[in-house]
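Structure first, then comments.
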Number of protein chains: 2
Amino acid sequence: MVIVTKTYTPRDFPPFAVTVDTVVLTMFQGRLHVLLVRRGIEPFKGMWAIPGGFKRPEESLLEAAHRELLEETGVDAENHLRQSGAYGDPDRDPRMNVVTLAYLAELRDVRGFAGGTDAAIAALVPISQMLGEGCEPLAFDHKQILGDAIERVRVDLALTGIATAFVGPTFTLAELRSVYEETWGFRIDGANFRRSILADGGWVIPTGRRAPSGPTGGKPAELFRAGRKWRHGAPIRPTRPSSMKKESR
Amino acid sequence: MVIVTKTYTPRDFPPFAVTVDTVVLTMFQGRLHVLLVRRGIEPFKGMWAIPGGFKRPEESLLEAAHRELLEETGVDAENHLRQSGAYGDPDRDPRMNVVTLAYLAELRDVRGFAGGTDAAIAALVPISQMLGEGCEPLAFDHKQILGDAIERVRVDLALTGIATAFVGPTFTLAELRSVYEETWGFRIDGANFRRSILADGGWVIPTGRRAPSGPTGGKPAELFRAGRKWRHGAPIRPTRPSSMKKESR
DNA sequence: GGAATAGTGTCTTTTAGACATTATCAA
DNA sequence: TTGATAATGTCTAAAAGACACTATTCC
């Protein structure tokens, strides 16, 4: 039975360290990347890790995630942070009992980042390098956390307008489509994609302007911006085309 | 900078209490209910609360959720617990800084529960009573936690086979349909529901047997069991029928 | 002009939604 | 028999998927 007083003493409850770790995902050179830091201290010194750190008593979990990411990497993900999971196995940190809350942020620009307090280096690393065949290890249970976050993004792409977070304030439908293609791992027909997206009125809105053609020419693409609508009426489905050309990469 | 030693002392990190709270949802008398406990101690003494308690250092979050639910309510939700959110605002508990991890369990049978350690009473309460118009208050931020959990269930019904968790080991399609209807709040055409469900092969499997007719007669319904398939190919969509008869309750 | 990319049109197949019809029970 | 519920069949409309064709750029 817990003694009911205004203040608790440490003997009344088992204390834990609470950390927040943020998986920052971004499109870089046409590939899905994650922002990682090289650990500068033991344990797992020198290994890649998801940026994060201890929550402070006076801040909320969200505030902690925002602050830690900014401190460690210089990246400001305010208004882009979403919860993605909690991890609290007793042995997940060899030093002590740590419960961590994973956050997720999809960002367009992850520039100007630099190693902060206790992270030696921050860098964008391709997802395929961390989760594919024969991939590199990650500190702690961060491979699990990263995997769960990716799976979350895949689902959310179909159900919400989160795809627009990966692109700029204005974007072409080809850019938006490549977000889906890269994350789901297969190609989508451009014509049908356009129809699906525009049929879901209020999600992407034409600006009337056009993007300049690329170095290889082609018709200049229309520029769109994200609308206020968030939940899709009909989901953009991750349906692998029936007789579609196989992914060629 | 954190001092790197094998063991940490309490001065190295801010300690928190970590609790796990479990939202148990079940169908009872045709309505969606949540399992709540009357708080026997301050703060919020006498108010409804989501069952839960302190995590122990030697157990995982999942194990803690399982144990606390069993202790407080007598309900064993092993293999049915899923994370649904984390809550850590500094003032969410008036006594101290508590980070809580919310779990979610959809169960068929929530019987044999009784008040345990520090919960005076455990009871099934209709969701409408806790979240509807002019509803009752809940302890702490448990109204938020409950609302988030319900929203999570609504989405998961469309994407996964979680609906079968609400019904017995064998069930009729009418029973399964009522889970969707009750959770989404509108009626679904029985014929079309049957087609959608059976088209998604491997999710529900016919047993060859039939359920006895109800007291009002009618053709005995086929009995199905849950298959191994979990993710739906095409989602069972929460599409409100266009010209459908309005919900009559 | 030719290659490349964006956008339109259209055809086919699939699925959702509505609802009529048939089947099988209890009273 | 009647009333109720389950299951099947069928029609229509909408959406997905495939792909031909046009438009506009760079080289």
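Chain naming here is simple, since letters A, B, ... match the order of the sequence lines and numbering starts at 1 in each.
Between B:L223 atom CG and C:dC25 atom P there is a gap of 14 Å when expressed in whole angstrom units. Rounding to whole angstrom units, CZ of residue B:R187 and P of D:dT5 are separated by 11 Å. The distance from atom CD of A:E222 to atom P of D:dA23 is 15 Å, rounded to the nearest whole Å. If you take CG of B:N192 and C1' of D:dG9, they are 12 Å apart, rounded to a whole angstrom. Across the protein-nucleic acid pair, A:F193 atom CZ and D:dC19 atom C1' stand 18 Å apart, rounded to whole Å. D:dA7 atom C1' lies 19 Å from atom CZ of B:R209, rounded to whole Å. Whole-Å rounding puts the B:F224 CZ to D:dA6 P distance at 12 Å. In this entry the distance linking CZ of B:R194 with P of C:dG17 reads 18 Å, nearest Å.
Of the possible polar contacts, none joining the A:R194 side chain to the A:L173 backbone as a donor-acceptor pair under 3.5 Å is found. The closest donor-acceptor contact from the side chain of B:D189 to the backbone of B:N192 lies under 3.5 Å. A donor-acceptor distance shorter than 3.5 angstrom exists from the side chain of B:T26 to the backbone of B:R108, with no hydrogens or angles considered.
Judged by distance alone with a 3.5 Å cut-off, a donor-acceptor contact links the side chain of A:R195 to the base of D:dG17. Taking 3.5 Å as the limit, the base of D:dA16 and the side chain of A:D189 contain no donor-acceptor pair of atoms between them.
Nearer the 5' end of DNA chain C, as judged by each residue's closest nucleotide, is the contact made by A:A174, out of B:S196 and A:A174.
A:Y180 and A:F193 have their aromatic ring centers within a separation under 6.0 angstrom.
For A:P220, counting side-chain heavy atoms from C-beta on, the closest listed nucleotide (C:dT8, D:dT24, D:dG17) is D:dT24. Taking every side-chain heavy atom of A:A191 into account, C:dG9 is the closest of D:dA7, D:dG9, C:dG9. You'll find that the side chain of A:K219 is closest to D:dA23, out of D:dA23, D:dA6, D:dC19. You'll find that the side chain of B:R177 is closest to D:dA6, out of D:dA6, C:dC25, C:dT8.
For the pair B:R210 and D:dA6, the criterion of a side-chain N or O lying under 4.0 Å from OP1 or OP2 is not met. Between B:S213 and D:dT5, a side-chain N or O to OP1/OP2 separation shorter than 4.0 Å is absent. Regarding contacts with the backbone of D:dC26, every side-chain N or O of A:T216 stays at 4.0 angstrom or more from both OP1 and OP2.
In this structure, CG in B:L107 is found 8.0 Å from CG in B:L81, a value given to the nearest 0.5 Å.
Within the nucleic acid shown, B:P212 has no heavy atom closer than 4.0 Å to any nucleic acid atom.
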